Structures are given as C-alpha cells and as structure tokens.
Amino acid sequence: MEGETSWFSHSFDNMARRTTEYDSFSELSDEGNREANAVSVDLILPDDLLERILAYLPVASIFRARSVCKRWYEILNSRRFMWNFSHVLSQKPWYFMFTSSNDPTGYAYDPILRKWYGIELPCIETSNWFIASSCGLVCFMDNDSRTELYVCNPITKTCRKLQEPPGLKFSDYSALAVSVNRKSHGYTISIVKSKQVAGNFFEWDVSVHIYDSETMMWVTSLTEVLTGWRGGDESVICDGVLYFLIYSTGGGLPDNRHGLITYNLSARSPHGLLIRSFIPVPSPLTCGRLMNLKERLVIVGGIGKQDRPDIIKGIGIWLLKGKDWQEIARMPHKFFQGFGEFDDVFASSGTDDLIYIQSYGAPTLLVFDMNLRHWRWSQKCPVTKRFPLQLFTGFCFEPRLEISP
C-alpha cells in the first residue's frame, strides 16, 4: 500500500490540473462550495464514519477531497480508508480512448461525473497492444513478439512485468483475457494462440496458456488442431470459464462465420475442446465483442444484412444463459446513424452494468446501461480528428485504488 500512498501524494495535483482543463469553471466553483459546506458536518463525524462515507465517492472526487483539509488528506491516505474502499462493491467503469494510432495517449471517460480526464498509461508502448481488464487491473501484451506482458493499475500506476508466456512465439492470432478475484486480489491470465498448420489453410493449431499470480507460473493447459475454424483476438473469463470466439476458414454456410468455445479453467481438459463446447453465435455477425458483466457473458455484435451477412445493418447485445442466447437490446437506428459511417468491425468493451461502443473512425462514444436498458452518448471527447485515416479505439476498466498487481 505504500506505493499507492506515494502515488496519491504526487498524483493529485496532476489530476486536478488536468480535470480543470476539461471542467467548466462554474462546475468547479459549485463543487468547491459544496465541499466547503461539508466541512461543518465533518466536525461532528468520527473518523471511522467519515472514512466509510468518503469511500463511496467516485475516484475523481476522492482526488479532489484530499484538498479540503488536513484531516481529510490524512484519512484518504490511511490504510483503513483503503480497507473501506475495497468493500465498496464497484466503481462504474471508465473508458480509455486512444487518440493516436501509434502512441498510447488518450483520455479516460468517467460515466458518473460525465467528464474526460487526461491520464497516462504505464508500461504500454503503442496503442495496438493487446489489452484486457478486470476489477481495477489492466493487462497489456505487445503486438509484435507477443512475449512482453504487464499487469498494472492505471489509476495508481503500480505495474508488474510477467515472465514470457510459453507456446508459439509468433502465432497468427492471439486472444488475451484476465480475471481478478475481488477478495484475494489474485488474478488469472489466459492467452489463446492460433497458428495455421503449414500448407493447410483449413487446419489450425490452437493452444491455451494460463498464468496464476499466486504461483507466478505459466501452464499450457490445452493444445488442439481445429479443422475449418481458427482462433482470433476475442476472449474473456467469466466465473472460472474461458470463452473465446472462433472463425470459419471456409467450407461452412454464410451464417456460420463465428462460433464460441467454452473452456473450464478448473477442469482444464486437454482434449475434445471443439466437439464438447461449441456454441453458435446468436445471429450472423460482422464481428463480435465478448465481455464479463458481473460474471455473466455478454456479446456485442454487428448484425449482418440478410443477403450480405458481411455488411453491417445494426448492433445487438446478447446474454448467454447456459448454451442459449437471450437478446438484451438492439441499438436504436438514431444512435446507429449518429456514428456516421460505421465500419463492419468496431470497438466495444464493458464491465459491471455498462457497455461502451465506439466506431474506429471517430472519437464518438455510446454508453448502454444493462440495468436501465438505456442508451446515452458520452460527453464529447476533447480531441478532434486530424486526418481522414486517423483511427480511434479504446478499452474500459474499473478505477480502483486498493488493488495492485
């Protein structure tokens, strides 16, 4: 926890300056007045009660609250406050949007305060690295050798480099996933590697590699040859089960372009992967994005046209129940049109009850609330498109203060 405390003491002024750039002066002034009024109530509250109350503040408000007075500063740096904060069920996930096709620079969107913050990500070198997140931790893997892996907390900037994963050094496709235990803060990382068998386009070697933070070791838990299917770059871990998308390499029907594989990480059966665990996707999709929402598997997919399944006509959201899909929502046409020209593939990620959807061609961000079944645009990101081929992408993560890799 000492590293996190150190980050607090050096990071608050930085965050405050950056938030000032994007917040209106009237909002800052109002918040200052509210905090000033709160001091009189603060005088009658014991430390333990005040700590519990402050633990429910949004992360960005905690940064500001440290400047209220010396007492609050000391409370918000204390180990007991971190313990209280760790028992807050969840913070609404932020969405980090990369604003460069090369450099890992960008802004993070806070859906509670509806503001964008300029933050710097540790460890990652370019925006095209593989990224996965869970419960406050984010895992990065380089896109070249796919041997550099880091786990970090993007809020506290604590970071750990992992040992090189086993298996093929140069796979054609890789899918990265991470799952954090909220109680122990231990984590599991999975990499699904897929490489074409030499001279045979229809056969692909698929392997699953698992990292356990408690043993700090990698294990290759499965190797198999798939015929007519290959792995891709979409995977997620939900409730101890690894899910990843596979893609048809030809020979099947047009509506059979995607499939879902499930792999129980506790059982870790080394064979029979495809035969036993194949689940068809809910609709002909142009692309699919997998995500863990409260240990439930959700897929956000581009819905293909009836006669041209590779051309997108809309976006749907489905929840997996057993081996059946339940449709949750379809994006209203006015929002689909609001993106302008929408590619057949797009960025989407989510956690808790929020799903973010973004077109690669513009810094426009749409938010869907699973509980309220409500669609809403985010506040405009403070960046403009500088040239026609500029691409935007991003990922969501839960802002936590008490979790370290």
Side-chain angles (χ1 to χ4, degrees), residues 1-4 86 121-125 129-154 156-195 204-226 231-244 261-273 276-277 290 292 295 351 395 397-398 400 402-405:
M1 206 62 76
E2 292 178 359
E4 296 178 10
S86 69
L121 298 175
C123 307
I124 184 171
E125 295 179 7
W129 279 30
F130 293 91
I131 302 172
S133 70
S134 173
C135 189
L137 294 184
V138 180
C139 184
F140 298 119
M141 180 174 71
D142 75 295
N143 198 19
D144 295 325
S145 66
R146 302 179 188 179
T147 58
E148 285 189 59
L149 276 100
Y150 299 90
V151 180
C152 76
N153 182 324
T156 65
K157 302 296 191 290
T158 53
C159 187
R160 170 183 289 180
K161 183 175 182 179
L162 304 184
Q163 60 179 284
E164 181 178 325
L168 299 168
K169 286 187 178 295
F170 298 100
S171 56
D172 295 319
Y173 298 92
S174 297
L176 177 69
V178 60
S179 177
V180 178
N181 184 308
R182 287 186 177 272
K183 292 183 178 179
S184 69
H185 297 174
Y187 52 89
T188 300
I189 296 171
S190 67
I191 303 176
V192 181
K193 297 184 178 184
S194 182
K195 186 173 180 62
W204 289 74
D205 286 315
V206 174
S207 57
V208 177
H209 312 276
I210 308 297
Y211 178 84
D212 186 333
S213 66
E214 294 184 1
T215 62
M216 295 191 293
M217 293 179 60
W218 287 95
V219 174
T220 299
S221 61
L222 180 141
T223 57
E224 188 166 325
V225 177
L226 301 185
D233 57 3
E234 276 296 316
S235 68
V236 71
I237 300 172
C238 292
D239 198 22
V241 177
L242 170 65
Y243 299 88
F244 62 93
I261 293 295
T262 69
Y263 182 63
N264 192 319
L265 294 178
S266 59
R268 297 190 184 181
S269 172
H271 300 292
L273 175 70
R276 298 187 207 173
S277 61
L290 303 177
N292 178 343
E295 302 306 325
T351 190
F395 66 95
F397 66 94
E398 186 181 335
R400 305 295 302 182
E402 80 287 4
I403 296 180
S404 297

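Note that the coordinates shown come from a computational prediction; the quantities given were computed from them, not determined experimentally.
In terms of the side-chain contact (heavy atoms from CB on, under 4.5 Å) criterion, residue partners of S190 (sequence neighbours excluded) are, by chain and number, A177, I210, I237, L242. Q163 is linked by a side chain to side chain donor-acceptor pair (under 3.5 Å) to nothing, counting only residues two or more places apart in sequence or in another chain. Listed by chain and residue number, S194, W204, R230 satisfy the side-chain contact (heavy atoms from CB on, under 4.5 Å) test with Y173 (two or more places apart in sequence, or in another chain). Contacts of N143 classified as side-chain contact (heavy atoms from CB on, under 4.5 Å), with partners at least two apart in sequence or in another chain: N128, F130, R146. Qualifying disulfide (SG to SG under 2.5 Å) partners for C135, counting only residues two or more places apart in sequence or in other chains: none. Checked against side-chain contact (heavy atoms from CB on, under 4.5 Å), H209 has the following partners two or more places apart in sequence or in another chain: P166, K193, S207, W218, T220. Residues satisfying the disulfide (SG to SG under 2.5 Å) criterion with C238, sequence neighbours excluded, are absent altogether. Taking the side chain to side chain donor-acceptor pair (under 3.5 Å) definition, one finds that S171 meets it with S174, sequence neighbours left out. D205 is linked by a side chain to side chain donor-acceptor pair (under 3.5 Å) to nothing, counting only residues two or more places apart in sequence or in another chain. Every side chain to side chain donor-acceptor pair (under 3.5 Å) that E295 has, sequence neighbours left out, goes to N292.
How far CG of L176 is from CG of L149: 6.5 Å, rounded to the nearest 0.5 Å.
Residues T158 and S404 approach most closely at OG1-OG, 3.9 Å, considering heavy atoms.
Between C152 and C123, the gamma sulfurs sit at a distance of 2.5 angstrom or greater.
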